[in-house]
Each structure stands twice: as structure tokens, then as C-alpha cells.
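One structure is given here, and the rest of the page talks about it.
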Amino acid sequence: MLTGGPVAGPSGLSEWTAGDPVLMLSPESRPVGSVATPAQARALLDAVRAQGPRGAHLVAFYACIYYAAMRPEEVSMLSAEQCELPPEGWGRLMLAGARPQVGSAWTDDGKPYEERQLKHRARRAVRPVPIPPVLVAILRAHLEAFGTTTGGQLFSAVRGGPVRSQEYGAAWKEARKKALTAAQVASPLVSIPYDLCHACVSFWLRSGVSLAETARRAGQSIAVLQRYYAKVLDGEEARMNELIDQGLAEQEDEAEETWILAAGWPHVLVRGGIPPIQGETACTQKGSRSGEWHPF
């Protein structure tokens with residue numbers, strides 16, 4: 001029997017250390033390939049809305065995933081008091097918990113869900129997420145049309161209680177058939193509602209939002225973004241290079257241009273801010289008019 005070795009603890013027994021929770025396999029670790037475009041996301045939301053009263057109730061549910069990169073279990077816990085929804089402009093969601101569906105056999109009270117803190121966050125931690133005007137309008141309309149549950153939440157199942165994955169999954173399956181082509185329906189493109197979160201994060205990154213800010217808003221780590229959104233980040237290299245080139249060019253244009261007029265050679269100008277040598281005159285082009293030279 002082994003009593004020591006590289007995995008043995010001080011007592012001679014093997015010790016196991018949990019890995020970094022944000023890097024362990026989870027729904028977020030699904031490969032990120034082709035994600036929905038903004039036009040496709042809007043078409044899917046419209047297809048959900050067209051499914052009658054129940055579809056109208058779930059539109060805001062999916063919109064929170066797409067426009068705020070929320071997890072379905074976070075949307076399930078969203079309450080009116082967590083929403084800052086001004087009449088105009090950007091709003092804010094103060095996310096403070098999640099309600100994942102885990103099965104009644106795994107909960108203390110026999111319910112098929114369990115209220116927890118935000119994923120990868122300490123208890124009572126709050127994650128503020130700015131939301132664009134389009135989501136503000138959707139949530140305001142939802143509250144006006146449906147109000148809240150007795151507990152203050154925005155969403156509920158048909159028979160009461162939290163919205164379950166079977167319910168919003170069925171509506172999503174129907175929406176894909178209406179909004180996507182046959183080839184797209186057969187593909188992995190937004191095959192589950194959580195893929196809207198991938199689309200949101202990809203859109204933020206492509207829009208130039210920093211890795212750090214994207215990770216903060218989505219409740220992820222930078223390591224996860226670099227690992228699972230590598231294709232998106234790699235595809236932005238050329239655009240980032242162009243932005244750097246643009247910035248350097250602007251600095252170059254704004255910088256004072258120093259020229260050296262070589263003595264005895266009035267038609268030879270050397271650019272670059274090199275101190276004039278003996279017998280030369282240093283001049284600046286900034287503020288000068290054509291044909292004039294102003295000494296320092």
C-alpha cells in the first residue's frame with residue numbers, strides 16, 4: 001500500500017485539491033464556434049414573442065441572457081428591486097443570486113431548484129451589470145404587462161414557481177424552427193438558450209469592450225474568456241492592429257515636427273528632432289505659414 005509519494009499528504013493519505021472553479025467543466029465550457037448575430041438574436045426573440053401569451057412572457061427572459069450575458073439561473077432569480085430601468089438611456093441590473101435547477105433529490109426541502117449565491121462569487125456578493133436601452137425597454141414592458149410574482153421575481157412558470165429548463169427549452173426549440181433556416185436548425189447554432197450568452201460575450205469583445213470589463217459583466221474570469229473565446233479574440237488581431245496604427249498616427253500628427261536646415265543646403269531638410277549641429281539652424285514647422293521659418 002502506498003504511504004507516500006507526490007500525491008500523499010502529511011498523514012500518508014492521498015489529498016485531493018479542487019481545481020479552479022472557473023476553469024472546471026461547466027455549461028460555459030461548451031465550445032464557442034459560430035454564434036448568433038444580432039439580427040439572428042432579434043429574429044429569435046420575435047419568434048418567441050409570436051408563441052402566444054407564454055411566449056410573450058418569456059421574451060424578456062431570453063433578452064436578459066442575450067443583452068446582459070446572464071445565466072438562466074440568474075434570470076430566474078431576477079427581482080424588480082434589482083432593476084434600475086430609467087425611461088431613457090442605459091439601465092442597470094444588480095444581480096445578487098441564482099436559482100439553478102438541480103433536482104429534488106439533491107435539495108434539503110425536496111424542491112427541484114436551490115437558491116444560491118452568484119456563480120464563482122461569495123455569498124451576498126452583488127454583480128452590477130449595465131444594460132442597453134433595448135433591454136431596459138423590454139423589461140419595462142414586461143413589468144407593465146405581467147408584474148411580478150409574490151416574491152418579487154419577474155418570471156414564473158405556468159403553474160407558479162421558478163421557470164424550469166423544460167419550459168424555456170421547449171419555447172426555444174420552437175423559436176429556432178421559425179427564425180432559422182433548415183440548415184441552421186440542424187447545426188449547433190444557438191441550440192440552447194445559454195448560447196445567447198456566448199453571443200452576447202462575443203459581441204462585446206468584437207465591439208472593443210476590454211477583457212476585464214467583459215469578464216466582470218458576464219461574471220466570468222479573464223482566463224475563461226481567453227480559453228473559450230480564443231477564436232473571437234484571434235479574429236480581432238487585425239482590427240486591434242489598425243486601432244494601434246491609428247493611435248500612433250494621431251500622436252505623430254499632433255507631435256511638434258522639428259526640422260534641421262543644413263547650412264549651405266537650403267533645399268535639404270532632415271526631419272526627426274535631432275539637435276542641430278554646429279553651423280545649422282533649428283526651426284519648427286508648427287505654427288508656421290508656407291515659406292516661413294520661425295527659429296526657436
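When reading the values below, keep in mind they use all heavy atoms of this one structure, side chains included, and skip hydrogens, waters and symmetry mates. FYI, the numbering just counts along the sequence from 1.
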To the nearest 0.5 Å, what is the distance between [atom1] on [X] and [atom2] on [Y]?
X: Y168; Y: I65; atom1: OH; atom2: CD1; value: 7.0 Å
X: R92; Y: C83; atom1: CZ; atom2: SG; value: 12.5 Å
X: R217; Y: M70; atom1: CZ; atom2: CE; value: 14.0 Å
X: Q40; Y: L196; atom1: CD; atom2: CG; value: 11.0 Å
X: T37; Y: R206; atom1: OG1; atom2: CZ; value: 11.0 Å
X: R71; Y: E73; atom1: CZ; atom2: CD; value: 6.5 Å

Please check if [X] and [Y] belong to a single hydrophobic cluster, counting links between Ile, Leu, Val, Met, Phe, Trp and Tyr side chain heavy atoms closer than 4.5 Å.
X: L180; Y: V59; answer: yes
X: V75; Y: F146; answer: no
X: L205; Y: V224; answer: yes

Check: [Y] main-chain N/O paired with [X] side-chain donor or acceptor under 3.5 Å:
X: Q82; Y: S79; answer: yes
X: R216; Y: P128; answer: yes
X: S207; Y: V209; answer: no
X: Q220; Y: L225; answer: no
X: T214; Y: S210; answer: yes

Test side-chain hydrogen bond (donor to acceptor under 3.5 Å, both in side chains) applied to T181 - qualifying residues, sequence neighbours left out: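 For T181 the side-chain hydrogen bond (donor to acceptor under 3.5 Å, both in side chains) partners, ignoring immediate neighbours, are Q184.
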Set of side-chain hydrogen bond (donor to acceptor under 3.5 Å, both in side chains) partners for Q246, sequence neighbours left out: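 Once residues adjacent in sequence are excluded, the partners of Q246 under the side-chain hydrogen bond (donor to acceptor under 3.5 Å, both in side chains) criterion are E250.
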Salt bridge (charged side-chain N to carboxylate O under 4.0 Å, His left out) contacts in which one or both residues fall within residues 47-64, not counting sequence neighbours: D46-R49, R54-E167
Flag side-chain contact, heavy atom, 4.5 Å: [X] against [Y]:
X: M94; Y: R127; result: no
X: P38; Y: Y66; result: yes
X: T148; Y: Q153; result: no
X: D195; Y: V35; result: no
X: Y194; Y: P72; result: yes

Quiz: residues 129-144 side-chain donor-acceptor pairs under 3.5 angstrom, not counting sequence neighbours:
| residue | atom | partner | partner atom | Å |
| --- | --- | --- | --- | --- |
| R140 | NH1 | L85 | O | 2.6 |
| H142 | NE2 | L154 | O | 2.8 |

Taking side chain to side chain contact (heavy atoms under 4.5 Å, CB included) as the test, write out the residues that go with A179, two or more places apart.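 In terms of side chain to side chain contact (heavy atoms under 4.5 Å, CB included), with neighbours along the sequence ignored, A179 is linked to A43, L44, A47.
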Walk me through it: do L95 and L78 pass the test side-chain contact (heavy atoms from CB on, under 4.5 Å)? CA-CA 7 Å; L95 306 183; L78 186 63; 4.0 Å; yes
Quick one: closest heavy-atom pair of [X] and [Y], and the distance?
X: A215; Y: I222; value: CB-N, 3.9 Å
X: Y67; Y: W204; value: O-CZ2, 3.8 Å
X: C197; Y: A69; value: SG-O, 3.5 Å

Which residues pass the ring pair (Phe, Tyr, Trp, His ring centres under 6.0 Å) test with Y62, sequence neighbours left out?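 Ring pair (Phe, Tyr, Trp, His ring centres under 6.0 Å) list for Y62, sorted by chain: W172.
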Can H198 and Y229 be said to form a side chain to side chain donor-acceptor pair (under 3.5 Å), step by step? CA-CA 9 Å; H198 292 318; Y229 294 87; 2.7 Å; yes
